[in-house]
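Everything on this sheet refers to the single structure shown next.
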Amino acid sequence: MSVEVYYDDDADLGLIQGRTVAVIGYGSQGHAHALSLRDSGVDVVIGLPAGSKSRPKAEEQGLRVLTPAEAAAEADVIMILAPDTAQRGLYADSIAPNLAPGKAIFFGHGFNIRYGLIKPPADVDVAMVAPKGPGHLVRRQYVDGKGVPCLVAVEQDASGNAFGLALAYAKAIGGTRAGAIRTTFTEETETDLFGEQAVLCGGAAALVQTGFEVLTEAGYAPEVAYFECLHELKLIVDLMYEGGIARMRYSISDTAEYGDLSRGPRVIDSRVKEEMRKILGEIQSGEFAREWVAEDEAGRPNFAKWRAEGTAHPIEETGQKLRAMMSWVDRPITETA
Ligand SMILES: NC(=O)C1=CN([C@@H]2O[C@H](COP(=O)(O)OP(=O)(O)OC[C@H]3O[C@@H](n4cnc5c(N)ncnc54)[C@H](OP(=O)(O)O)[C@@H]3O)[C@@H](O)[C@H]2O)C=CC1
Ligand SMILES: CC[C@](O)(C(C)=O)C(=O)O
Ligand SMILES: [Mg+2]
Ligand SMILES: [Mg+2]
């Protein structure tokens with residue numbers, strides 16, 4: 001592999017155990033980082049606004065909860081795990097006034113640093129520890145004695161040991177058990193945004209909805225269309241996840257494989273690839289970030305409209321009815337470990 005990968009033996013847990021870490025936000029990532037840091041012997045304090053609905057959850061887990069400003073003032077390392085759009089205001093109001101030389105500010109995603117929305121002073125370390133999985137899986141893996149691979153990056157090395165500190169943090173949440181890959185804020189941010197827009201969320205959701213529409217508009221039963229376009233996707237993705245596209249093709253019938261090889265490139269054709277390049281260009285130029293920040297500042301009118309349209313899509317009603325028949329779909333991955 002051409003990337004640098006670091007494991008438990010490369011990381012010194014002592015570097016983080018001697019510090020107080022403020023985890024700002026207690027959602028998907030925040031709860032996983034905070035609980036695993038604590039279980040790794042790190043002094044943890046949670047930063048949440050007074051009215052936050054996450055407060056009772058953190059307190060029930062025995063964590064000390066302060067306001068973001070109070071937590072940032074106490075901490076040596078401040079991990080920002082609030083929503084990306086909240087981070088700029090949070091930083092200006094609560095974090096920046098409580099930074100001091102020698103402190104470190106950490107992120108779980110590089111958006112605000114990459115697009116210059118947060119500009120920390122030169123005398124603090126700026127690093128990222130970004131698990132490549134949802135927070136609930138990060139926590140579940142840690143509890144099981146395993147880990148989710150992490151991306152680790154340093155944007156600013158004021159102390160001279162920012163990378164060591166970030167690796168220690170990754171070890172404390174189980175990341176170096178699986179492997180921590182060194183990257184940059186730019187690479188993590190741009191690839192993360194591209195992946196979620198073009199392939200994982202945007203691309204996959206549009207593919208599923210469009211396939212469902214083509215079948216139902218042609219008169220096929222929505223229930224049958226749901227099974228073919230959404231339900232079985234998990235089976236196929238699980239095969240790819242376990243052994244790549246080759247493993248999936250090995251497992252399916254020859255009829256399916258011939259259809260895949262001969263028809264797939266007609267669906268995802270050169271026009272789609274060109275559109276993907278355009279989307280990547282908008283991410284690289286900052287156009288997407290400017291659009292999203294403006295949309296958020298305007299109260300998210302398009303976001304709300306598109307979200308409502310997605311919820312009203314006929315595939316959702318069909319899916320709700322069918323999932324009620326599936327006794328095994330009863331443990332959402334959002335359940336706390
Ligand atoms: N979801 C994931 O699996 C992944 C997320 N990331 C990154 O991790 C970061 C956190 O995302 P995620 O865990 O999904 O976020 P969530 O939306 O799950 O949780 C956000 C948390 O921040 C709190 N919060 C909201 N506003 C503020 C504020 N102004 N100050 C302090 N806390 C606030 C929320 O409290 P309340 O309950 O009151 O709303 C909630 O506890 C993001 O940068 C994201 O890109 C990276 C990899 C994967
Ligand atoms: C794929 C979506 C993601 O990038 C993630 C869970 O990694 C996100 O921003 O939520
Ligand atoms: Mg991601
Ligand atoms: Mg993302």
Side-chain angles (χ1 to χ4, degrees), residues 3 23-36 54 79-88 90 106-118 127-142 146-153 155 166 169-170 173-175 178-209 230 233-234 236-238 240-241 276 279-280 282-284 286-293 295-296 300 302-303 306-307 310-311 332-337:
V3 291
V23 175
I24 312 293
Y26 199 74
S28 176
Q29 289 293 322
H31 91 282
H33 290 224
L35 294 173
S36 301
S54 299
M79 169 54 105
I80 303 191
L81 293 171
D84 297 315
T85 45
Q87 291 183 11
R88 185 163 52 147
L90 165 73
F106 277 30
F107 294 84
H109 175 43
F111 189 90
N112 282 272
I113 293 290
R114 162 64 182 86
Y115 295 112
L117 301 166
I118 291 178
M128 172 169 43
V129 180
K132 287 284 92 185
H136 297 85
L137 180 67
V138 172
R139 177 59 181 160
R140 203 182 286 174
Q141 286 289 292
Y142 178 89
K146 301 172 199 156
V148 169
C150 284
L151 297 184
V152 178
E155 180 76 7
Y169 186 106
I173 62 167
I181 296 172
R182 189 169 191 158
T183 183
T184 62
F185 272 63
T186 296
E187 183 174 68
E188 185 276 337
T189 305
E190 294 178 1
T191 55
D192 187 80
L193 292 176
F194 178 79
E196 66 201 21
Q197 291 175 22
V199 182
L200 304 173
C201 309
L207 187 69
V208 167
Q209 286 176 334
L230 191 152
L233 189 60
K234 174 164 163 46
I236 296 302
V237 171
D238 281 351
M240 289 193 203
Y241 191 82
M276 283 192 181
I279 287 169
L280 180 60
E282 289 163 10
I283 292 166
Q284 290 169 329
E287 186 182 335
F288 170 77
R290 282 190 293 278
E291 178 187 317
W292 174 219
V293 169
E295 169 75 9
D296 184 60
R300 304 183 172 199
N302 291 307
F303 186 72
W306 295 331
R307 185 185 259 175
T311 310
I333 61 158
T334 47
E335 216 171 82
T336 320

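Each ligand, and each atom within it, is numbered from 1 in the order the structure gives.
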Q) Among Ser28, Ala204, Cys201, Gly108, which residue places a heavy atom closest to atom 1 (C) of ligand 2? A) Cys201

Q: Using only N, O or S atoms, tell me which atom of Glu196 is closest to the Mg ion (ligand 4).
A: OE1

Q) Any idea how Phe288 and Phe111 line up, ring-wise: parallel (<30°), tilted (30 to 60°), or perpendicular (>60°)? A) perpendicular

Q. Between Tyr169 and Phe106, how do the two ring planes meet: parallel, tilted or perpendicular, split at 30° and 60°?
A. tilted

(Q) Heavy-atom count check: over 12 atoms from other residues, nucleotides or ligands less than 6.0 Å from Arg300 CZ? (A) yes

Q.
For atom 4 (O) of ligand 2, is there a protein heavy atom at a distance under 4.0 Å?
A. yes

Q. Which atoms form the tightest heavy-atom contact between His109 and Leu193, and what is the distance?
A. NE2-CD2, 4.2 Å

**Q.** Closest non-hydrogen atom pair between Tyr142 and Gly174, with its separation
**A.** CD1-N, 3.8 Å

Q) Numbering the atoms of ligand 2 from 1, which are under 4.0 Å from a heavy atom of Asp192? A) 4 (O), 7 (O)

Q. Can you tell me the N, O or S atom of Asp192 that's nearest the Mg ion (ligand 3)?
A. OD1

Q: Please write down residue, atom name and distance for the protein heavy atom closest to atom 2 (C) of ligand 2.
A: Glu196 OE1, 3.6 Å

